[in-house]
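Here is the structure we will look at.
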Amino acid sequence: MAGRNFLFIPGPTTIPRRVQNAINVEQEDMRALDLPEFTKPLYADMKKVFKTETGRVFIFPSSGTGAWESAITNTLKPGDKVLASRFGQFSHLFIDCAKRLGMEVVEVDCEWAVGTPADKFAEILAEDKNHEIKAVFATHNETATGVMSDIKAVRDSIDACDHPALYFVDTVSGLASLDFRMDEWGVDLAIAGSQKGLMLPTGLGILCASEKALEANKTAECPRCFFAWEDQIATNDLGYFPYTPPMNLLRGLRESMNMLFEEGLDNVFARHTRFATATRKAVEAWGLTTIAKEGWQSDTVTAVKVPEGFDGNEVARHAYRRYNLALSITIGQVMGQGFRIGHMGDMNEIMLMIPLSGAEMTMKDLGYPIELGSGVAAAQEYLCSTAKDRI
Ligand SMILES: *Cc1c(COP(=O)(O)O)cnc(C)c1O
């Protein structure tokens, strides 16, 4: 078939050619004499992406889910109370992971259209006078519903009652696309993966731990081996690893960070906000809404709500079957209620036109009451009026 398969799902995202080339290197010796010259700056630069001076980065050959497991098992003990909310498939799985590892989760169920409820958390933490809650979980960007949480607001809730709980943040679909400030927001465990904002293949679970989390590690009682921090600390400090590292992905990560720093992290964030705004203008012009409520909409993924009587899954199926375009279905509790457009990572204006135009053609084919060109034009208007020369 002629042409490309265009990937506009909210992770994995498109891999830039520069990153793809960086990954495509000869197999190398993970004990090479000069390896620390590569690994030490790699870890130091990863801290800049998390915006931390005092945190420590861990990189595991895994996916984001492994970084969840590592964060929990290295800082808590079975039976510990964890405060978490469920408002989408990923916040649900975060809770599920904690439960399966033996934690007792205080669950706050929210509508699958909003994010981490900072005010509700403030009430619960204020009542926890004996500090039985050892950790608070937030999901920075709920990829399943296209919802963004206010990570600083949750920190403020914890601080309002001087609660000592560790603050865990899943930023798998936020880091390197949405502003994230580990130190400033007092995040103790920041969890990420390689295949979303970092524009790499799946295969790295990336975690950043604060000094407080590193202290908790010394008394954590969960069994752990592959994801243990102690072994990483002992070897990473010398520029090496406790087991065979995925060297090609680390070479890719180097190039991905080079690209992020060349553009400037703040410019990267502004670009994501701009493309998300353009996407939302298209949705509005289609006469549709997002699954996320006003004020909660994500800047990396838009979940478009389909009208009554339509099946969102069919949009993704038809787009792929007929136009070789990968849009995403909505998952979990909101399955079938919409479809998702990923606008995360390596994107420019023209690339954004692809999923918007493709979604429009698809909806037209499926009998949606939309006008061809309407969403695309609304997005174009906004992009043209906010564009700047590239060079
Ligand atoms: C993708 C994602 C995960 C899971 O990451 P995997 O790499 O698939 O294990 C967790 N949380 C969020 C918010 C995600 O988007």
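Residues: numbered from 1 along the sequence shown. Each ligand, and each atom within it, is numbered from 1 in the order the structure gives.
Polar contact with ligand 1: present for S63 (N/O pair, distance under 3.5 Å). Below 3.5 Å of separation, one finds no N or O of F90 facing any N or O of ligand 1. The distance criterion of under 3.5 Å between nitrogen or oxygen atoms is met by D170 with respect to ligand 1. Taking any N or O of T143, backbone or side chain, at least one lies under 3.5 Å from an N or O belonging to ligand 1.
F121 and F94 fall into different hydrophobic clusters, where Ile, Leu, Val, Met, Phe, Trp and Tyr side chains are chained together by heavy-atom contacts under 4.5 Å. Residues L76 and L83 are members of separate hydrophobic clusters, defined by side-chain heavy-atom contacts under 4.5 angstrom among Ile, Leu, Val, Met, Phe, Trp and Tyr.
Applying the 4.0 Å criterion to heavy atoms of S173 picks out, from ligand 1, the atoms 13 (C), 15 (O). Atoms of ligand 1 lying under 4.0 Å from any heavy atom of N141, numbered from 1 in the order shown and given with element: 13 (C). Ligand-side atoms of ligand 1 in range of Q195: 6 (P), 7 (O), 8 (O), range being under 4.0 angstrom from any heavy atom. Interface atoms of ligand 1 facing K196, defined by a heavy-atom separation under 4.0 Å, are 1 (C), 2 (C), 3 (C), 14 (C), 15 (O).
If you look at W68 next to ligand 1, the close heavy atoms, those under 4.0 Å, all belong to the side chain. Under 4.0 angstrom from ligand 1, the non-hydrogen atoms of T65 come from both its backbone and its side chain.
For the pair K196 and F90, the distance from NZ or CZ to the six-membered ring centre is under 6.0 Å and the angle to the ring normal is within 45 degrees. Annotation: cation-pi geometry satisfied between R251 and F38 (NZ/CZ under 6.0 angstrom from ring centroid, within 45° of ring axis).
Only one option out of T302, D299, T290 pairs with R280 in a side chain to side chain donor-acceptor pair (under 3.5 Å); it is D299.
Between the side chains of N267 and R271, no donor N or O sits under 3.5 Å from an acceptor N or O. No side-chain donor-acceptor contact under 3.5 Å links T139 and D170.
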